[in-house]
Number of protein chains: 2
Amino acid sequence: MIEKTKKLKSSRQRDLLLKILRNTKTHPVADWLFEEARTQMPNISRGTIYRNLGILHDEGKIKELSIRKGVLRYDGDMRKHYHISCLDCGRIDDVPHQINMLDESQIEEISEYQIYSHHLTFFGICKDCQQNTLVNSA
Amino acid sequence: MIEKTKKLKSSRQRDLLLKILRNTKTHPVADWLFEEARTQMPNISRGTIYRNLGILHDEGKIKELSIRKGVLRYDGDMRKHYHISCLDCGRIDDVPHQINMLDESQIEEISEYQIYSHHLTFFGICKDCQQNTLVNSA
DNA sequence: CTAACTGCAAAGTTTTTGCAATTGC
DNA sequence: GCAATTGCAAAAACTTTGCAGTTAG
């Protein structure tokens, strides 16, 4: 139920991973993070990436997103925000922050769940792909 | 961009899969569907399950959900509705239908995307798991 | 007849894990 | 020192695909 917490020790690998995620706006998958980390730390391994993604997520320092195709993506921006994804090219953007967050209390009342968070993702065609479609059909 | 459409032929396997999904409220994963189908059609294969899930989804007869852990789940209920998932046991329920759907046009204006749909999922602790926690900590 | 579909098994992806060596506190 | 962490490689989990045989229209 409640996670057994073991004493965390700092690691250069985990610090690097968090730094990369905080400076990336593309909601990357694990393998992209592995390749990116490798440019700065050539011997880092995939296992380390996966293990640290789990740790950082458990610590509440990153978000884990399950948006499409059953692939996990990661987000270093912990501010509450929503996502929007292109059905054509697959990119995932943030919805601009001026959007209001939904009120969870109404759902809590009718669902009998104790609610902690919610994820909202819009799906559509991004500006670039709208233009490409025009070009292709011309 | 636009899917090449080939002439579909009916198949007992696909019919069975759709029937199972329409009678299942648990948002199952492919492997569960494989086992379930196998009780009624013992020689059906995993490949057939995966291929037909793709076809049914392309046809717009089922929904593909990516809610947690990067695992795809399937939903035979095509009515618009939202989901709520337990962080403890992982179950995924429907949010009762009295909830209003969000208006997509506001996001369309500020995002420059042409929006087709959206997915909203709440995360929390279900009633059963709230009780189990009480028992365990007693 | 023939294109779509199937079962099977092999291959492809993605993620987890066991282990001996290393590292942070 | 010692538990947490790492790299590596093997294993596990999940999905796709090639192929020869079957089936729907």
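All values derive from a computational prediction rather than experimental measurement. Just so it is clear: chains get the letters A, B, ... in the order the sequence lines come, proteins before strands, and each one is counted from 1.
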May I ask you to check whether A:Y82 and A:H97 place their ring centres under 6.0 Å from each other? no
Pair A:H119 + B:F123: ring centers closer than 6.0 Å: yes
Are A:L56 and A:L8 co-members of a hydrophobic cluster defined by side-chain heavy atoms under 4.5 Å apart? no
According to a hydrophobic-cluster definition based on side-chain heavy atoms being under 4.5 Å apart (Ile, Leu, Val, Met, Phe, Trp, Tyr only), do A:L72 and A:I49 belong together? yes
Give the ring-plane orientation class for B:H83 versus B:H27, where under 30° counts as parallel, over 60° as perpendicular and anything between as tilted. perpendicular
Value in whole Å for how far the [atom2] atom of [N] lies from [atom1] of [X]:
{"X": "A:W32", "N": "C:dT14", "atom1": "CH2", "atom2": "C1'", "value": "18 Å"}
{"X": "B:D31", "N": "D:dA12", "atom1": "CG", "atom2": "P", "value": "16 Å"}
{"X": "A:D58", "N": "D:dA4", "atom1": "CG", "atom2": "C1'", "value": "15 Å"}
{"X": "A:E35", "N": "C:dT13", "atom1": "CD", "atom2": "P", "value": "14 Å"}
{"X": "B:F34", "N": "D:dT16", "atom1": "CZ", "atom2": "P", "value": "15 Å"}
{"X": "A:E59", "N": "D:dA4", "atom1": "CD", "atom2": "P", "value": "14 Å"}
{"X": "A:L56", "N": "D:dT5", "atom1": "CG", "atom2": "P", "value": "11 Å"}
{"X": "A:H57", "N": "C:dT16", "atom1": "NE2", "atom2": "P", "value": "12 Å"}

At less than 4.0 Å, is any side-chain N or O atom of A:Y50 found next to OP1 or OP2 of C:dT15? Yes or no. yes
B:T121-B:S85 side chain donor-acceptor pair, cut-off 3.5 Å: no
Specify the angle, to 10°, made by the local axes at the two ends of the helix from C:dC1-D:dG25 to C:dC25-D:dG1 when five pairs are taken at each end. 40°
A:I84 vs A:I92 side-chain heavy atoms within contact, under 4.5 Å: no
Side chains of A:D77 and A:R22, heavy atoms from C-beta outward: is any pair under 4.5 Å? no
Sugar-phosphate or base contact per nucleotide [nucleotides 4-9 of chain C; S, B, -; heavy atom under 4.0 Å]: SSBBB-
Counting only pairs under 3.5 Å, give me each side-chain donor-acceptor contact of residues 13-20 of chain A, with atom names and distances, residues two or more places apart or in other chains.
residue: A:R14; atom: NH1; partner: A:N52; partner atom: OD1; Å: 2.9
residue: A:R14; atom: NH2; partner: A:K9; partner atom: O; Å: 2.4

